[in-house]
2 protein chains.
Amino acid sequence: MTELQDGVGAASERIAAYLRDAILFGDLLPGQWIRQEEVAARLGTSRLPVREALRMLEAEGLTEHEANKGSRVPLLDQHEVDVVYQMRERLEPLALTESLPHLTADQIEHMEHVQARIEADVQLTEFLVLDREFHLTSYTACPSEQLVTTISRLWNSTQHYRRAFMLLSGPDRRWVVNSEHRLLLDAIRRKDPVDGERYLSGHIRRTRIELAQHPEVFAAPPS
Amino acid sequence: MTELQDGVGAASERIAAYLRDAILFGDLLPGQWIRQEEVAARLGTSRLPVREALRMLEAEGLTEHEANKGSRVPLLDQHEVDVVYQMRERLEPLALTESLPHLTADQIEHMEHVQARIEADVQLTEFLVLDREFHLTSYTACPSEQLVTTISRLWNSTQHYRRAFMLLSGPDRRWVVNSEHRLLLDAIRRKDPVDGERYLSGHIRRTRIELAQHPEVFAAPPS
DNA sequence: ATCCCACGGACTGGATCCAATCACAAGGAA
DNA sequence: TTCCTTGTGATTGGATCCAGTCCGTGGGAT
């Protein structure tokens with residue numbers, strides 16, 4: 001999606017950023033093999049930094065590696081995605097509670113701004129980016145590195161299915177998301193971890209259950 | 001600890017296994033830099049597979065990488081370890097509930113056998129291995145790959161602090177662990193997820209709170 | 001004596017070449 | 001026709017060499 005800015009940072013980092021975008025924006029679909037040489041040629045480097053980049057992405061839950069066969073975007077079945085959402089239901093409230101006392105007024109203002117854009121702009125791709133931004137911002141003040149990176153991994157690995165779901169559910173239920181976000185934001189403003197955890201886990205749980213009613217999202221793609 | 005079995009599997013996998021053991025058994029301490037060349041010379045390979053191995057370990061939460069400076073075992077502060085334990089309190093009961101219906105009689109028998117050895121053998125290193133084996137076995141039938149690997153990462157990253165804690169708390173409270181394990185095992189035998197989650201989260205929570213009373217475990221090691 | 005800059009060693013990062021492995025397709029035998 | 005086997009092309013895995021970066025050290029100037 002975004003073009004590669006050459007010269008900035010280490011090559012492996014740039015390649016990782018390029019592939020990360022390609023996966024999160026849906027240019028690379030689950031199950032699709034990622035050929036090292038192809039990526040290297042596309043970005044004008046050797047295969048070596050590509051290999052390093054693929055390992056980094058693996059650590060972020062964006063790819064999986066098979067010996068002598070290569071890397072690909074993981075293909076999850078419906079139950080696995082359901083469990084990931086259950087993991088989020090349990091971990092994200094913890095992250096919120098840990099983050100809440102350290103959240104600055106600026107960061108809360110940023111969430112307000114992001115939510116306003118979510119309500120104004122209904123483009124799918126933009127929504128996915130902003131929704132992610134909204135939630136992850138609320139965890140930025142969390143003092144535990146592990147917790148935040150684990151949650152990021154969970155978001156990463158289910159991004160494709162979130163997009164497919166939003167695509168066929170349409171904007172009809174978008175108002176529910178907005179209401180939940182508003183209530184969550186209010187609890188954060190009041191620095192109330194109890195209400196925060198309640199609205200957050202409810203938000204994730206409702207999404208999980210609605211997603212469970214759309215098994216067609218998990219139809220095997222053509223090989 | 002265990003010697004490298006040369007010729008078996010890919011080099012990077014063997015190196016990863018070697019380093020993994022070194023970290024989990026405490027030969028490599030948190031904060032300690034891992035020199036690629038040193039490892040390569042020690043194992044008779046070039047630096048390249050060592051780099052790959054370090055990326056793999058990073059994905060497992062065993063090392064962290066800094067650009068142009070190298071990899072090292074992450075150094076966690078007391079609060080971060082506390083949060084990791086809280087994550088375990090929330091995730092492991094979920095894994096148990098997911099695994100429970102699919103656990104075979106053989107696997108439960110294996111847990112019984114491991115627990116018997118825990119009660120018999122009080123060696124520290126052996127205890128750490130067996131305790132890990134006991135819990136992870138109860139999750140092996142969990143159908144979600146992500147959940148199990150995430151939990152493994154959490155165990156990995158806190159292994160050193162678990163050892164340090166057991167070392168200075170001594171075997172006095174070992175009977176508590178055994179009672180908790182026995183109750184958990186009984187709930188698993190009865191295929192009762194409610195009791196299983198209760199005993200499991202209690203087990204982890206008690207450990208977390210006892211660990212919180214030993215801040216000396218987190219004293220900065222000499223540079 | 002103290003601060004600054006330049007040099008050097010040590011280490012990681014990247015490129016190229018070669019080896020090993022796997023998948024697939026074509027051909028032969030039952 | 002169907003199954004097994006074998007060979008070939010494509011792709012990943014590994015080794016060696018070279019470039020880039022960081023950090024500490026030592027000399028010189030103020």
Please report, rounded to the nearest Å, how far the [atom2] atom of [N] is from the [atom1] atom of [X].
X	N	atom1	atom2	answer
B:E58	C:dT12	CD	P	14 Å
A:I34	D:dT11	CD1	C1'	14 Å
B:L54	C:dC11	CG	C1'	13 Å
B:Q36	D:dG14	CD	P	14 Å
A:L43	C:dG13	CG	P	19 Å
A:E38	D:dA10	CD	P	14 Å
B:W33	D:dC22	CH2	C1'	11 Å
B:E37	D:dG14	CD	P	18 Å

_Residue pairs, two or more places apart or on separate chains, that pass ring pair (Phe, Tyr, Trp, His ring centres under 6.0 Å) and touch residues 37-89 of chain B_ =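 Residue pairs passing ring pair (Phe, Tyr, Trp, His ring centres under 6.0 Å), neighbours aside: none found.
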*What pairs of residues pass the ring pair (Phe, Tyr, Trp, His ring centres under 6.0 Å) test when at least one of them lies in residues 125-169 of chain A, not counting sequence neighbours?*
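For residues 125-169 of chain A, and leaving out neighbouring residues, the ring pair (Phe, Tyr, Trp, His ring centres under 6.0 Å) pairs sorted by first residue read A:F134-A:H181, A:H135-A:W155, A:H135-A:H181, A:H135-A:H203, A:Y161-A:F218, A:F165-A:H214.
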*Can you tell me if B:Q146 and A:S157 form a side-chain donor-acceptor pair at under 3.5 Å?*
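Checked: B:Q146/A:S157 side chains pair up, N/O donor to acceptor below 3.5 Å.
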_Hydrogens and angles aside, do B:D82 and B:Q78 bring a side-chain donor and acceptor to less than 3.5 Å of each other?_
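Absent: no donor and acceptor within the cut-off.
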*asked:* Looking at B:E52 and B:R55, is any side-chain nitrogen of the basic one under 4.0 Å from a carboxylate oxygen of the acidic one?
replied: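 So B:R55 does not pair with B:E52 through a salt bridge.
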Applying side-chain hydrogen bond (donor to acceptor under 3.5 Å, both in side chains), can you list everything that pairs with [X], at least two apart in sequence or on another chain?
X	answer
A:T158	A:R162
B:H102	none
B:R163	none

Atom pairs under 3.5 Å: protein N/O with N/O of nucleotides 5-9 of chain D:
none

*Step by step, would you call B:E197 with B:E92 a side chain to side chain contact (heavy atoms under 4.5 Å, CB included)?*
CA-CA 8 Å; B:E197 291 212 17; B:E92 294 193 24; over 6 Å; no
Sub-3.5 Å pairs of nitrogen or oxygen atoms, protein against nucleotides 14-16 of chain C:
from   : atom 1 : to    : atom 2 : distance (Å)
C:dG14 : OP1    : A:A11 : N      : 2.9
C:dG14 : OP1    : A:S12 : N      : 3.4
C:dG14 : N7     : B:R51 : NH1    : 3.3
C:dG14 : N7     : B:R51 : NH2    : 3.2
C:dA15 : OP2    : A:S46 : N      : 3.2
C:dA15 : OP2    : A:S46 : OG     : 3.0

*Can you tell me how far OG of A:S138 sits from CG of A:L96, rounded to the nearest 0.5 angstrom?*
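Those atoms lie 5.5 Å apart.
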_Rounded distance (nearest 0.5 Å) linking atom OG of B:S12 with atom CG of B:L48_ =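 The OG atom of B:S12 sits 9.0 Å away from the CG atom of B:L48.
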*Report the end-to-end axis angle of the helix from C:dA1-D:dT30 to C:dA30-D:dT1; each axis comes from five terminal pairs, and the value is rounded to 10°.*
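Inter-axis angle at the ends, rounded: 10°.
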*Residue list, side-chain contact (heavy atoms from CB on, under 4.5 Å) with B:S201, at least two apart or on another chain*: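 Checked B:S201 against side-chain contact (heavy atoms from CB on, under 4.5 Å); matches are B:P93.
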*Restricting to pairs with a member in residues 100-115 of chain A, which pass salt bridge (Lys or Arg N to Asp or Glu O under 4.0 Å), not counting sequence neighbours?*
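Qualifying pairs: A:E112-A:R182, A:E112-A:R189.
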Please tabulate, for the side chains in residues 29-40 of chain B, all donor-acceptor contacts under 3.5 angstrom to protein atoms that are two or more places apart in sequence or on a different chain.
from  : atom 1 : to    : atom 2 : distance (Å)
B:Q32 : OE1    : B:L29 : N      : 2.9
B:Q36 : OE1    : B:R47 : NE     : 3.1
B:Q36 : OE1    : B:R47 : NH2    : 3.4

_Any side-chain N or O of B:H65 below 4.0 angstrom from OP1/OP2 of C:dC11?_
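Answer no for this pair, as no side-chain N or O of B:H65 is under 4.0 Å from OP1 or OP2.
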Distances for protein N or O near nucleotides 20-22 of chain C N or O, under 3.5 Å:
from   : atom 1 : to    : atom 2 : distance (Å)
C:dT21 : O3'    : A:N68 : ND2    : 3.3

